[in-house]
Each structure stands twice: as C-alpha cells, then as structure tokens.
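Heads up, the thing below is written out as structure tokens.
Small disclaimer: the values here were computed from a predicted structure and weren't measured. Order of listing sets the numbers, starting from 1, for every ligand and every atom in it.
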Amino acid sequence: MAKERTFSIIKPDAVAAGNAGHILQQLTDGGLRPVAMRLVQLTTAQAEGFYGVHRERPFFRDLVKFMTSGPVVVQVLEGENAIAKNRELMGATDSKKAAPGTIRQKYGTDIERNAVHGSDAPETAKFEIGFFFSGAELATLSVG
Ligand code: ATP
Ligand code: MG
C-alpha cells in the first residue's frame with residue numbers, strides 16, 4: 001500500500017481538555033505524521049459545510065453547535081494506508097463503545113463528544129483536505 005493522506009480533526013472537547021498533544025502522539029506512534037496543521041475556531045457556516053452530508057440527520061444542529069463550541073486542530077496526516085489506519089486508531093464513533101486503547105475510548109465521552117474526526121474514504125479525504133488547506137500549503141510537504 002502506497003503512502004496516503006487523510007484529514008483529521010481534534011475536536012473541541014479534546015482540545016479543551018488539554019488532550020491534543022496526547023492524541024497527536026498516539027497518531028504519530030501509529031505511523032501517521034502531520035504534513036499540515038492549524039488551530040481554528042470553526043464558524044457555523046464552516047461546520048455546516050464540512051458536515052453537509054449529515055444535514056438531514058436528527059443530530060445535525062447539535063453537531064454543528066458542538067463543533068463550533070471551541071477551537072479545534074485541523075490536520076492532514078500522511079502514512080501507509082492512512083485513511084484506514086486513522087479510523088483504526090480513532091475507534092468506533094460512540095466513545096462508550098470504542099475498543100480499549102483507542103483515541104475515542106481514551107479521550108471521548110459519548111457518540112457526539114468523541115474527541116476526533118477522520119475521513120472515511122479517499123473521496124472524502126480529498127474533499128476535507130481541500131476544505132481547509134490550499135494546494136500551496138500541501139504540495140511540497142511529505143514525511144520521509
Ligand atoms: P467523524 O465523521 O466525525 O469522523 P464518524 O465517521 O465515526 O465520525 P459519522 O456518522 O460521520 O461518524 O458522524 C459524524 C459525527 O456526528 C460523529 O463523529 C459524532 O460527533 C456525531 N454523531 C454521529 N452520530 C450521532 C448521534 N447519533 N448522536 C449525536 N451525534 C452523533
Ligand atoms: Mg464520518
């Protein structure tokens with residue numbers, strides 16, 4: 001499997017709790033290295049656009065409220081099989097059901113406040129990376 005890129009967010013709950021560093025360490029130990037990273041406070045419009053696929057879901061308004069409640073770390077991670085690897089390190093969506101040792105089990109609270117986001121497919125990774133980072137920010141970056 002060739003080197004791949006995925007998009008990751010350390011969500012407001014994890015940043016507020018001071019767990020961003022621990023999460024970054026766990027991702028890095030798992031073979032994923034950030035090639036672009038920024039601390040941002042999402043606007044309502046940005047959160048709605050980013051999670052547009054969930055617009056009709058009952059939890060959408062709460063999700064947007066949560067994601068705009070404080071600063072988040074947005075980042076592009078690179079590594080072998082990065083999309084699947086990131087999802088594996090994150091664990092199941094519901095922090096209460098996530099496997100022991102996964103990021104969501106360790107740093108999340110429930111199905112909404114679950115510490116991290118990760119792209120779920122190559123097409124979504126491309127959309128999500130482009131949503132936050134320009135080609136100029138990414139073009140020359142690669143971890144050796
Ligand atoms: P993410 O897209 O954030 O990586 P995911 O792919 O595991 O998570 P999705 O189904 O895409 O899960 O849901 C997006 C986010 O919406 C979840 O991470 C969570 O914060 C929130 N969410 C999902 N399902 C629920 C729910 N039933 N109730 C409340 N919030 C939810
Ligand atoms: Mg998702």
Side-chain angles (χ1 to χ4, degrees), residues 1-135 137-138 141-143:
M1 183 82 197
K3 210 172 260 189
E4 188 177 61
R5 285 177 177 180
T6 189
F7 178 75
S8 160
I9 301 179
I10 303 178
K11 295 187 178 184
D13 56 331
V15 173
N19 289 322
H22 297 297
I23 291 170
L24 186 57
Q25 187 68 57
Q26 188 159 345
L27 293 168
T28 304
D29 290 344
L32 300 175
R33 303 293 173 88
V35 295
M37 184 189 284
R38 200 185 300 131
L39 185 79
V40 287
Q41 171 97 36
L42 297 183
T43 64
T44 297
Q46 282 175 324
E48 287 173 350
F50 181 79
Y51 277 121
V53 293
H54 296 311
R55 195 170 285 276
E56 304 305 326
R57 309 280 285 274
F59 58 81
F60 182 70
R61 292 266 49 107
D62 285 342
L63 175 61
V64 169
K65 216 167 153 188
F66 166 53
M67 291 301 292
T68 57
S69 66
V72 299
V73 176
V74 294
Q75 55 185 349
V76 179
L77 302 173
E78 186 176 270
E80 294 293 319
N81 212 5
I83 296 169
K85 183 75 203 176
N86 186 37
R87 300 283 295 190
E88 179 191 322
L89 293 168
M90 286 161 56
T93 305
D94 187 347
S95 286
K96 290 189 187 348
K97 295 179 182 157
T102 59
I103 292 170
R104 281 171 162 169
Q105 183 270 324
K106 284 161 73 177
Y107 304 113
T109 307
D110 54 31
I111 197 168
E112 179 185 77
R113 302 172 66 82
N114 58 5
V116 281
H117 161 83
S119 308
D120 57 14
E123 308 75 55
T124 48
K126 197 167 177 222
F127 166 77
E128 291 172 0
I129 290 169
F131 196 91
F132 285 103
F133 295 98
S134 71
E137 285 172 288
L138 293 161
L141 291 167
S142 191
V143 175

Step by step, would you call E88 with K85 a salt bridge (charged side-chain N to carboxylate O under 4.0 Å, His left out)?
-> CA-CA 5 Å; E88 179 191 322; K85 183 75 203 176; 3.5 Å; yes
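Under the 4.5 Å side-chain criterion, counting only non-hydrogen atoms from C-beta, L24 is in contact with P34. N114 places none of its side-chain heavy atoms less than 4.5 Å from the side chain of D94.
Side-chain contact annotation: S134 with E137, donor-acceptor N/O pair under 3.5 Å present.
Every protein residue with a heavy atom nearer than 4.0 Å to ligand 1 is included here: K11, Y51, H54, F59, L63, R87, M90, T93, R104, I111, E112, N114, H117, G118.
We find that E78 and R33 are not joined by a salt bridge, their nearest charged nitrogen and carboxylate oxygen being 4.0 Å or further apart.
The distance between the ring centers of F50 and F7 falls below 6.0 angstrom.
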